[in-house]
Chemist: 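Before I ask anything, let me first share the structure, which is written out below as structure tokens.
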Amino acid sequence: MREKESLEKIEKMSPEERWQLAAKKLSDTDNGGIVDTLLGHMRAHENTRWLVYNAELTDQIPRSYAAHAFTELQKSALNYEVIRLCSFWDKVDFDSRSIPTIVALADCSGVSDHVYNKHYSQYQDHDPELARRWGIKGRRLLRAGIQAAKQVAQSDTLLNVRNYRDRLAHQLEITYCEKRSAVPLPRYGDERKLLEKTVKIVGFLYRSISGTGFDWTSSKAMHVRNAEAFWKGVKIEVLR
């Protein structure tokens with residue numbers, strides 16, 4: 001659904017409907033919400049880091065015909081990561097789970113009230129003052145997630161990475177952004193910076209809207225460990 005139509009449809013929804021749909025897009029257990037998708041991307045990212053940036057693999061490749069194939073493998077892994085990463089930042093679409101779509105649903109005072117009540121209700125029977133503080137914290141997390149998402153959406157880093165994605169994914173002579181002005185190529189490492197911001201923002205939104213947290217740090221450490229356990233054991237013998 002187009003962005004304008006999606007925004008119009010969202011505006012017609014009640015705050016409760018917007019809150020519930022945002023929560024579903026974050027953590028839909030049947031279709032895989034954005035949290036599950038992002039966890040999968042984090043796993044792939046650690047494998048790509050080893051292929052593209054780690055000298056333990058590249059140092060095993062001498063000047064040879066095989067070096068050309070290895071370079072293509074590196075490019076393919078990095079380009080695929082860029083394409084998948086940009087999907088988290090696609091424009092508002094009612095049928096998608098992009099961060100801008102979730103933000104459009106959640107950026108509403110009525111949704112903020114539901115977030116407060118969700119967090120408050122978890123502690124109200126035990127400690128009303130603690131419940132109030134958690135309600136306030138939930139609102140602050142929501143506001144922080146929304147503000148951070150809007151900053152990334154307007155950032156040069158996302159603009160450059162997305163423009164590169166558009167060239168990768170479509171046979172374009174010139175992209176829409178390039179028709180207005182020149183767009184620099186992204187730099188190596190921009191994908192990691194964008195991923196770190198994406199994880200932080202999804203974490204804020206998930207904790208506030210769903211009323212529960214996720215240990216992203218431990219998850220990242222596990223993915224790093226798993227990738228290292230595999231790639232450190234890889235020995236490359238080139239048949240020149």
Side-chain angles (χ1 to χ4, degrees), residues 31-91 96-100 152-153 155-178 183-203 214-240:
N31 298 315
I34 195 173
V35 170
D36 287 340
T37 308
L38 184 55
L39 286 170
H41 184 86
M42 290 169 66
R43 289 192 293 270
H45 171 76
E46 295 305 328
N47 286 316
T48 301
R49 283 193 71 202
W50 269 88
L51 271 172
V52 177
Y53 296 110
N54 199 292
E56 289 193 36
L57 293 177
T58 55
D59 287 350
Q60 296 183 52
I61 310 294
R63 292 174 61 90
S64 61
Y65 293 124
H68 298 292
F70 185 73
T71 299
E72 286 304 313
L73 179 61
Q74 289 178 307
K75 288 180 180 178
S76 296
L78 186 57
N79 288 345
Y80 178 75
E81 176 169 359
V82 168
I83 291 171
R84 292 296 301 131
L85 181 57
C86 285
S87 70
F88 292 100
W89 293 97
D90 283 340
K91 293 182 179 180
S96 85
R97 296 188 296 260
S98 70
I99 291 174
V152 170
S155 68
D156 289 337
T157 298
L158 179 59
L159 173 67
N160 299 344
V161 173
R162 180 186 281 153
N163 188 72
Y164 180 69
R165 185 277 306 266
D166 290 346
R167 281 193 166 275
L168 286 174
H170 309 286
Q171 295 294 332
L172 299 175
E173 294 182 359
I174 185 171
T175 66
Y176 175 76
C177 290
E178 290 169 346
V183 181
L185 288 170
R187 294 174 294 182
Y188 281 103
D190 278 354
E191 78 285 350
R192 185 166 183 81
K193 294 176 183 177
L194 183 57
L195 175 58
E196 289 173 349
K197 291 179 180 179
T198 301
V199 170
K200 183 177 180 179
I201 290 166
V202 171
F214 186 84
D215 191 349
W216 296 95
T217 301
S218 294
S219 181
K220 176 183 176 180
M222 180 179 67
H223 301 329
V224 170
R225 179 203 66 197
N226 293 347
E228 180 177 305
F230 175 77
W231 290 107
K232 268 197 171 183
V234 171
K235 303 302 179 185
I236 302 175
E237 181 181 352
V238 172
L239 304 177
R240 301 177 183 273

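The structure displayed is predicted, hence computed values, not measured ones.
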Chemist: Looking at NZ of K197 and NZ of K193, how far apart are the two atoms once the value is rounded to the nearest 0.5 Å?
Modeler: 8.0 Å
Chemist: Working to the nearest 0.5 Å, report the span between CG of N226 and CH2 of W231.
Modeler: 13.5 Å
Chemist: Do the side-chain N and O atoms of S219 and H223 include a donor-acceptor pair separated by under 3.5 angstrom?
Modeler: yes
Chemist: Tell me whether R165 is salt-bridged to D90, with the criterion being a basic N under 4.0 Å from an acidic carboxylate O.
Modeler: yes
Chemist: Report yes or no: does S64 contribute a side-chain atom to a donor-acceptor pair with the main-chain N or O of P62 at less than 3.5 Å?
Modeler: yes
Chemist: Nearest heavy-atom pair of I61 and L57: which atoms, and what distance?
Modeler: CG1-O, 3.7 Å
Chemist: Can V202 and F214 be said to form a side-chain contact (heavy atoms from CB on, under 4.5 Å), step by step?
Modeler: CA-CA 10 Å; V202 171; F214 186 84; over 6 Å; no
Chemist: Going by the side-chain contact (heavy atoms from CB on, under 4.5 Å) test, name the single residue among E81, E191, R192, H41 that passes it with T48.
Modeler: E81
Chemist: What are the two closest non-hydrogen atoms of K232 and K235, and how far apart are they?
Modeler: O-NZ, 4.0 Å
Chemist: Roughly how far apart are I236 CD1 and E56 CD, rounded to 0.5 Å?
Modeler: 11.0 Å
Chemist: Taking all heavy atoms of L158 and all of A153, pick out the closest pair and write down the distance.
Modeler: CD2-CA, 3.7 Å
Chemist: For the pair K200 and E196, find out whether any cationic side-chain nitrogen is under 4.0 Å from an anionic carboxylate oxygen.
Modeler: no
Chemist: Find the distance between CG (D59) and CG (N54) and round it off to the nearest 0.5 Å.
Modeler: 8.5 Å
Chemist: Between the side chain of R167 and the main-chain N/O of E173, is any donor-acceptor distance below 3.5 Å?
Modeler: yes
Chemist: Does E228 form a salt bridge (charged side-chain N to carboxylate O under 4.0 Å, His left out) with R225? I'd like the steps, not just the answer.
Modeler: CA-CA 5 Å; E228 180 177 305; R225 179 203 66 197; over 6 Å; no
Chemist: Minimum heavy-atom separation for D215 to S218, with atom names?
Modeler: OD2-OG, 2.5 Å
Chemist: Measuring from L85:CG to L195:CG, what's the distance to the nearest 0.5 Å?
Modeler: 6.0 Å
Chemist: If you apply the rule side-chain contact (heavy atoms from CB on, under 4.5 Å), what do you find for T37 with R84, and how did you get there?
Modeler: CA-CA 10 Å; T37 308; R84 292 296 301 131; 3.4 Å; yes
Chemist: If every non-hydrogen atom of L51 is compared with every non-hydrogen atom of T58, which pair is closest and at what distance?
Modeler: O-CG2, 4.5 Å
Chemist: side-chain contact (heavy atoms from CB on, under 4.5 Å) for N79 and Y164? Distances and angles first, verdict last.
Modeler: CA-CA 9 Å; N79 288 345; Y164 180 69; 2.9 Å; yes
Chemist: Quick one: does R162's side chain have a donor or acceptor within less than 3.5 Å of a partner on W89's backbone?
Modeler: yes
Chemist: Report yes or no: does Y53 contribute a side-chain atom to a donor-acceptor pair with the main-chain N or O of Y188 at less than 3.5 Å?
Modeler: no
Chemist: Please find the pair of heavy atoms, one from S98 and one from S87, that lie closest to each other, and give the distance.
Modeler: CB-O, 3.9 Å
Chemist: Please check if any side-chain donor atom of E178 sits under 3.5 Å from a side-chain acceptor atom of N163, or the reverse.
Modeler: yes
Chemist: Within the distance-only criterion (no hydrogens, no angle test), does the side chain of E46 pair as donor or acceptor with the backbone N or O of M42 below 3.5 angstrom?
Modeler: no
Chemist: Distance from L38 atom CG to R43 atom CZ, nearest 0.5 Å?
Modeler: 10.0 Å
